[in-house]
Amino acid sequence: MNPTISVTLLLTVFQVAWGQKVTSLTACLENQSLRLDCRHENTTTVPIQYEFSVTRETKKHVIYGTVGVPEHSYRARTNLTYKNNIKVLYLHGFTNKDEGTYTCELRLSGHSAITSNRNISVFRDKLVKCKGISLLTQSTSWLLLLLLSLPLLQAIDFISL
């Protein structure tokens, strides 16, 4: 085999293996909807395919995604929002019948063998209510900038404390 092809193939595999990874999957109840937050890393330019599913009694049910075909009973009850490195799935009208082990799975387009996933067991009576996303946990740079700017703003009489 040509050494150039071998190196290229090896680099592609490394990019796929370390290019995306599910870092956390959390669940909470927002009104009567289950909210699943799937946080992930993405250090590659290859598009990410994703799939949300639930397993009940050893049977996997695809809820939403670009990998498998979602089951008909979930199509009208789900919606997805995503930004940067988080995908948020809402399952409306969540009941005890929807309890089970939920999975967020990511894979890079064209590389079906290499995946990253996280699972979470969801029981309606154990779900916490969703809280707003704290700006402090997302990024503290804006707060630091504001605190460092106060003396300057006071000096130009923009604000008075």
Side-chain angles (χ1 to χ4, degrees), residues 11-150:
L11 288 174
T12 301
V13 169
F14 283 148
Q15 181 182 17
V16 170
W18 287 291
Q20 49 81 33
K21 176 184 168 188
V22 178
T23 56
S24 72
L25 178 61
T26 58
C28 60
L29 195 61
E30 189 171 297
N31 298 322
Q32 294 302 313
S33 298
L34 172 67
R35 185 177 97 190
L36 296 169
D37 294 354
C38 181
R39 288 178 172 76
H40 58 87
E41 297 172 354
N42 183 16
T43 58
T44 179
T45 57
V46 177
I48 293 179
Q49 293 182 318
Y50 59 91
E51 179 180 273
F52 286 90
S53 62
V54 61
T55 302
R56 285 190 303 274
E57 300 173 5
T58 69
K59 181 164 174 28
K60 177 182 171 181
H61 305 273
V62 176
I63 299 172
Y64 198 95
T66 59
V67 178
V69 177
E71 291 186 13
H72 181 71
S73 61
Y74 292 109
R75 289 184 188 164
R77 298 175 52 205
T78 56
N79 71 311
L80 180 84
T81 60
Y82 56 91
K83 185 176 181 184
N84 298 331
N85 294 341
I86 184 170
K87 294 181 179 8
V88 180
L89 178 79
Y90 292 90
L91 177 60
H92 305 292
F94 182 76
T95 67
N96 293 349
K97 294 178 183 177
D98 296 314
E99 293 178 345
T101 302
Y102 283 78
T103 303
C104 172
E105 179 179 310
L106 302 179
R107 63 177 69 161
L108 295 179
S109 298
H111 301 278
S112 61
I114 300 174
T115 63
S116 175
N117 64 47
R118 288 282 171 125
N119 299 322
I120 187 168
S121 294
V122 175
F123 299 99
R124 185 169 175 77
D125 61 341
K126 299 209 186 292
L127 277 174
V128 296
K129 293 199 182 289
C130 297
K131 299 176 184 173
I133 296 174
S134 171
L135 292 176
L136 293 177
T137 60
Q138 295 295 314
S139 172
T140 57
S141 59
W142 70 270
L143 182 60
L144 182 61
L145 180 63
L146 177 64
L147 291 173
L148 293 173
S149 300
L150 284 176

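Between atom CZ of residue R118 and atom SG of residue C104 there is a gap of 10.0 Å, rounded to the nearest 0.5 Å. The NZ atom of K126 lies 11.0 Å from the OG atom of S121; values are rounded to the nearest 0.5 Å. Put simply, CG on N42 and NZ on K21 are 13.5 Å apart, with the number rounded to the nearest 0.5 Å. Residue H61 holds its NE2 atom at 11.5 Å from OG1 of T103, rounded to the nearest 0.5 Å. Rounding to the nearest 0.5 Å gives a distance of 9.5 Å between CG of D37 and CD1 of I120. If you take NZ on K129 and CD on E30, they are separated by 10.5 Å, rounding to the nearest 0.5 Å.
Between G65 and P70 the shortest heavy-atom distance is N-CG, 4.3 Å. The nearest pair of heavy atoms linking S33 to G93 is OG-N, 4.3 Å. In this structure, E41 and T23 approach most closely via the heavy-atom pair CG-CG2, 3.6 Å. When all heavy atoms of V128 and A27 are compared, the pair lying nearest together is CG2-O, 4.3 Å.
In this structure, the side chain of Q49 does not engage the main chain of V67 through any donor-acceptor pair within 3.5 Å. Under the 3.5 Å distance criterion, the side-chain polar atoms of S116 are matched with a main-chain donor or acceptor of V22.
Looking at H92 and N79, their side chains do bring a donor and an acceptor atom within 3.5 Å of each other.
The shortest distance between side-chain heavy atoms of D98 and L34 does not fall below 4.5 Å. L127 is not listed as a side-chain neighbour of R35, based on a closest heavy-atom distance of 4.5 Å or more. Between Y90 and T81 there is a side-chain heavy-atom pair separated by less than 4.5 Å. A heavy-atom distance below 4.5 Å is found between the side chains of R124 and L29.
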Query raised in the report: Between T78 and L80, does a side chain to side chain contact (heavy atoms under 4.5 Å, CB included) hold up when you go through it step by step?
Result: CA-CA 7 Å; T78 56; L80 180 84; over 6 Å; no
Report task. With side chain to side chain contact (heavy atoms under 4.5 Å, CB included) as the test, would you mind laying out the steps for V62 and V69 before giving the verdict? Result -> CA-CA 7 Å; V62 176; V69 177; over 6 Å; no
Requested in this report: Starting from the C-alpha separation in whole Å, work towards a yes-or-no answer on side chain to side chain contact (heavy atoms under 4.5 Å, CB included) for H40 and Y50.
Outcome: CA-CA 11 Å; H40 58 87; Y50 59 91; over 6 Å; no
**Report entry** Step-by-step side chain to side chain contact (heavy atoms under 4.5 Å, CB included) determination, R39 to T26
**Finding:** CA-CA 9 Å; R39 288 178 172 76; T26 58; 4.0 Å; yes
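Classification of the F94-Y102 ring pair by plane angle, with boundaries at 30° and 60°, yields tilted.
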